[in-house]
Every structure is written in structure tokens, then in C-alpha cells.
Amino acid sequence: MSTAGTQAPLTSPPATVRIIASPQSWVEGEAVRQLEAVARLPGMRHAVGLPDLHPGKGAPVGAAFTSEGILYPYLVGSDIGCGMGLWDVGMLARKAKAERWAAKLDVEGAWSGDAEGFLAEEGVKASGFEAALGTVGGGNHFAEVQRVDTVHDAEGFAALGLAADRLLLLVHSGSRGLGEAILRAHVDRHAAGGLAEDSDDARAYLTRHDHAVAWARANRALVARRVLDGIGAPARRVLDVCHNSVTPRRDAGGTRWLHRKGAAPSDEGPVVIPGSRGALSYLVVPLGDGTGSAYSLAHGAGRKWTRTAARERMKERFTAESLTRTPFKSHVVCENKDLLFEEAPPAYKPIDRVVTDLVEAGLVRVVATLAPVLTYKTRSREE
């Protein structure tokens, strides 16, 4: 019978805690408290907060943690495999029809195609959650058609096969109900406890986790296909990175478990760090060896206000209709009014400051900034 022992050796040194943020960046005290609480867990070695650090449900978002001997599914959360995929769209930006697309584009509900066949093409087993495959989901998930705002590194931009006059598509989504079911099964047995790395429970969780990560990647690919079919354009996947996961890192010192909760990898090539729907997104290349940042980067702007606070404040300042257009003259498709207020740009930290913190810390080089053309959230009036 397996055990999920969570006791670290009594001689374990305390975990190091680091927050990568400048004095100009606002980090909520509760997020710092959560980061420090995680650092005190058995087996924890490093706890790193990125510039988008903000409070989560029991553990902060915008953080990465390394542990030894024990892994913690609760730190990964329910949306296992959530991440960002970027596609180079075969359409000139000047030919974008944002208003027409906003009126007609629909990526809601079950895909009408062969979901299991699509998964097989992606090399992923069916999960039983295929009714949700190819859907964006709620919360801060989105699919966004973008144009190139500014190229900062022409050589790096060209190396990705990109052109400044073409559209791009950024998809942020995860494993939908699959990841939630995996975490719920763990919590039912172990609550927020960890799993000894050599236990049957840990091996079983990691198998399910890896499946969810692959399923989430396929989900982003199908969301992209549905959007591209809707706008009538072909595309090429440029990158896809996961920011909710736990992975082993092996070196001369042994195996450490790297948990990312809303933290993009810095060891898998270029990543896109999106702002709010009314802000630029940043295409960046990681720099350095990653050791000081737990091989991780910010995954977005990070929330400044809770959903409840954002909903209340935004309803006092804006109409729902006004939030469907942005300063970039882009369109936002979100028929759920509560979600529209919760995801309003002021609810997020300034993405320029988040990325500047990463640049000043020597962690990234900006390749290009991308501006929204059309952001798809949901056609459903219920989240």
C-alpha cells in the first residue's frame, strides 16, 4: 500500500524566498504571506515570486517553487497544463475585419468535428472530457487575434519566421474539467498535502498530470483551429508553453521538483507575456541560466484586484458596452457581463512594468510587442 508521506528530514535547511519585482511594482502583502507559507512546507527548497505575483486560493499565482523528495499537486492547481500558444496567421494585418469577426466568431460549445481523432493526431489519449476540447473556458482565458505593434529585435523576430505585417493568434487556455478532476481526486485523499516522490500515489498523479498537460496543449491547438476557421485564415504554430505544472529537474545534486503556478518557463525558448485585454503583449526571449528565478518568468500582468472588487469598481465607472472596445480600437467578445467587468483592464497590473522588471533583472530580452485586434472570451452569458 502506497503512502503519501510529507515529512522532510529534520535536517532540511529552510527554503530560500525571493521576489523578483522592483520598488515600482506593487505586490500585495497577502501574496507575500502565501509565498512565505509555501516556503515553510516540508521539503521545500526555493520559493520565487515573479513580478505578476498575486494571491491565489491557498497559494500565490505568479510563482515557482522547487522541492526535494516531495511534490505538491495543490501548488499546480486545478488547471493543469494551462498555458499560452502563439500562431503566425497567414493574413496581412491590414486585411483584418475585426468588427465583422466580433459579430460572427463563435468558439462556444462542443466542437462538431472528431475530437478523439484530433487528439490522436496530436498524440494524446482521450480523457472523457472531449466535450470541452477546443473551448476557451472562463476566468482569464482568451483567444486573441493580434497585430505586431513594434519589433524590438529584428533578428530574433525573423528567426521565428515572423513578419511585421502579418496577424498573430494568441490562445490562453488549459485542461478544462480534466485538470480539475485530477486535483479533486488528490484533495479528496490528501487535502493540501504533498506526495513522497517514490510513492505509488505520486507516480499515479504524475501520469495523470502529464496527460492533462498534453491534453491542454491539444486544446489550445483546437481553439486556434476553430478561430482560424472562423476568420478564414491558415496559420503555423510558433510556440506553446505551459505555466501550470510540476516537473522534475535532475542535476548533480539529485532531483528537484519544479512547481509553476502561473509562471512561464524560461528554459523552453521564447514566450509571450500578455497584458490585459486593453494592453500590449510581449514576445520575449529568456536570458541567463534560470537558477535565480527557478527557471521561470511572469506569465502575464497579474491581477491587481480580486474579481469581486473589480466587478464592483468597474460597474461604477464603465458600461458593459464600453468595455467591448479598447484604446487600441480592438474588439472584445464577452457576453457574460460579470466576466467582462472582472476582466476589465484596470483589474490587472501594468504589463509594461512587469516586463520591465524582468528586463532589469536580466531575465528577458523583448523581441516584439503585440497589440490586440480581437479578443474572444465567451458567447455564453454564464461563466
Side-chain angles (χ1 to χ4, degrees), residues 20-22 24-28 31 50-54 61-62 82-87 93 98 136 139-153 157 167-173 220 238-239 241 243 262-264 270-286 296-307 310 313-314 318 322-334 339-361 363-377:
I20 301 171
S22 67
Q24 291 74 36
S25 290
W26 181 77
V27 177
E28 190 173 340
L50 286 311
D52 57 335
L53 183 71
H54 60 281
V61 181
C82 186
M84 304 278 177
L86 182 70
W87 280 260
V136 174
N140 62 352
H141 295 151
F142 62 85
E144 185 169 275
V145 180
Q146 303 176 326
R147 61 176 172 81
V148 178
D149 176 71
T150 305
V151 175
H152 297 268
D153 175 3
F157 191 75
L167 293 171
L168 295 163
L169 173 64
L170 183 66
V171 177
H172 174 207
S173 191
R220 288 187 286 277
V238 178
L239 60 87
V241 297
H243 53 235
V271 303
V272 175
I273 306 176
S276 69
R277 305 293 55 82
L280 296 172
S281 294
Y282 283 75
L283 174 61
V284 304
V285 172
S296 301
L297 304 170
H299 81 310
R303 291 197 72 88
K304 182 171 63 177
W305 300 333
T306 66
R307 292 189 173 278
R313 294 184 186 194
M314 292 299 96
F318 300 98
S322 69
L323 291 176
T324 63
R325 296 298 298 273
T326 78
F328 292 93
K329 298 182 179 180
S330 64
H331 293 253
V332 178
V333 176
C334 183
L339 184 62
L340 190 62
F341 288 117
E342 292 166 5
E343 289 290 299
Y348 284 86
K349 300 180 184 183
I351 187 61
D352 297 354
R353 184 67 255 172
V354 169
V355 174
T356 297
D357 283 358
L358 295 175
V359 171
E360 292 178 348
L363 298 178
V364 302
R365 180 178 72 251
V366 176
V367 175
T369 49
L370 315 173
V373 173
L374 172 67
T375 305
Y376 185 97
K377 299 285 290 183

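Please read all numbers here as calculations on a predicted model, not as lab measurements.
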(request) State, to 0.1 Å, how close Val272 and Ser281 come at their nearest heavy-atom pair, and which atoms those are. (result) CG1-CB, 4.0 Å

(request) Answer whether the closest heavy-atom distance between the side chains of Pro346 and Met314 falls below 4.5 Å. (result) yes

(message) Please determine whether side-chain contact (heavy atoms from CB on, under 4.5 Å) holds for the pair Arg147 and Asp149, giving the CA-CA distance in whole Å, both sets of side-chain angles, and the decisive distance to 0.1 Å.
(response) CA-CA 6 Å; Arg147 61 176 172 81; Asp149 176 71; 4.0 Å; yes

(request) List the steps, then state whether side-chain contact (heavy atoms from CB on, under 4.5 Å) holds for Val171 with Trp87. (result) CA-CA 8 Å; Val171 177; Trp87 280 260; 3.9 Å; yes

(message) One pair to check against side-chain contact (heavy atoms from CB on, under 4.5 Å): Asn140 and Arg307. What are the steps and the verdict?
(response) CA-CA 10 Å; Asn140 62 352; Arg307 292 189 173 278; 4.2 Å; yes

(message) For Ser25, give me all partners under side-chain contact (heavy atoms from CB on, under 4.5 Å), at least two apart in sequence or on another chain.
(response) Ala21, Ser22, Arg353, Asp357

(message) Among Val241, Val271, Val61, Ile273, exactly one meets side-chain contact (heavy atoms from CB on, under 4.5 Å) together with His299. Which residue is that?
(response) Val61

(message) Is any side-chain heavy atom of Pro274 closer than 4.5 Å to one of Leu170?
(response) yes

(message) Can you tell me how far apart CZ (Arg313) and NZ (Lys304) are? Round to the nearest 0.5 Å.
(response) 8.0 Å

(request) Keeping the roles fixed (side chain from Arg220, backbone from Ser173), state whether a donor-acceptor pair exists under 3.5 Å. (result) yes

(request) Please name the pair of heavy atoms, one in Ala298 and one in Pro51, separated by the smallest distance, quoted to 0.1 Å. (result) CB-CD, 4.2 Å

(request) Could you tell me the separation between the CD atom of Gln146 and the OG1 atom of Thr375, rounded to the nearest 0.5 Å? (result) 8.0 Å

(request) State, yes or no, whether a side-chain contact exists between Phe142 and Cys334 at a heavy-atom distance under 4.5 Å. (result) no

(message) Could you work out, with side chain to side chain donor-acceptor pair (under 3.5 Å) as the rule, every residue matching Lys349, not counting sequence neighbours?
(response) none

(request) Return the set of residues passing side chain to side chain donor-acceptor pair (under 3.5 Å) with Thr324 (not counting sequence neighbours), or none when no residue passes. (result) none

(request) Identify the two heavy atoms, one from Val148 and one from Leu168, that lie closest to each other, and give their separation to 0.1 Å. (result) CG2-CD1, 4.2 Å

(message) Measuring from atom CG of Leu86 to atom CG of Leu239, what distance do you get when rounded to the nearest 0.5 angstrom?
(response) 5.0 Å

(message) Please find the pair of heavy atoms, one from Ala279 and one from Phe328, that lie closest to each other, and give the distance.
(response) CA-CE1, 3.7 Å

(message) Could you report the tightest heavy-atom contact between Ile20 and Ala361, atom names first, then the distance?
(response) CG2-CB, 3.9 Å

(request) Identify, with sequence neighbours excluded, every residue that meets side-chain contact (heavy atoms from CB on, under 4.5 Å) alongside Pro286. (result) Ser266, Leu297

(message) Under a 3.5 Å distance rule, please check whether Lys329 uses its side chain to pair with a backbone N or O of Val373 as donor and acceptor.
(response) no

(message) Going by the rule side-chain contact (heavy atoms from CB on, under 4.5 Å), which residues pair with Val136 if we only count those two or more places apart in sequence or in a different chain?
(response) His141, Ala143, Val223, Tyr376

(message) Any non-hydrogen side-chain atom of Lys377 less than 4.5 Å from a side-chain atom of Leu340?
(response) no

(request) To the nearest 0.5 angstrom, please state how far the CG atom of Leu339 sits from the CG atom of Leu323. (result) 11.0 Å

(request) Might you point out which heavy atoms bring Phe318 and Phe341 nearest each other, and give the distance in Å? (result) O-CE2, 3.5 Å

(request) For Arg303, check side chain to side chain donor-acceptor pair (under 3.5 Å) against everything at least two apart and list the hits. (result) Glu343, Tyr348

(message) Just verifying a value: how many Å separate Leu283 CG and Thr369 OG1, rounded to the nearest 0.5 Å?
(response) 9.5 Å

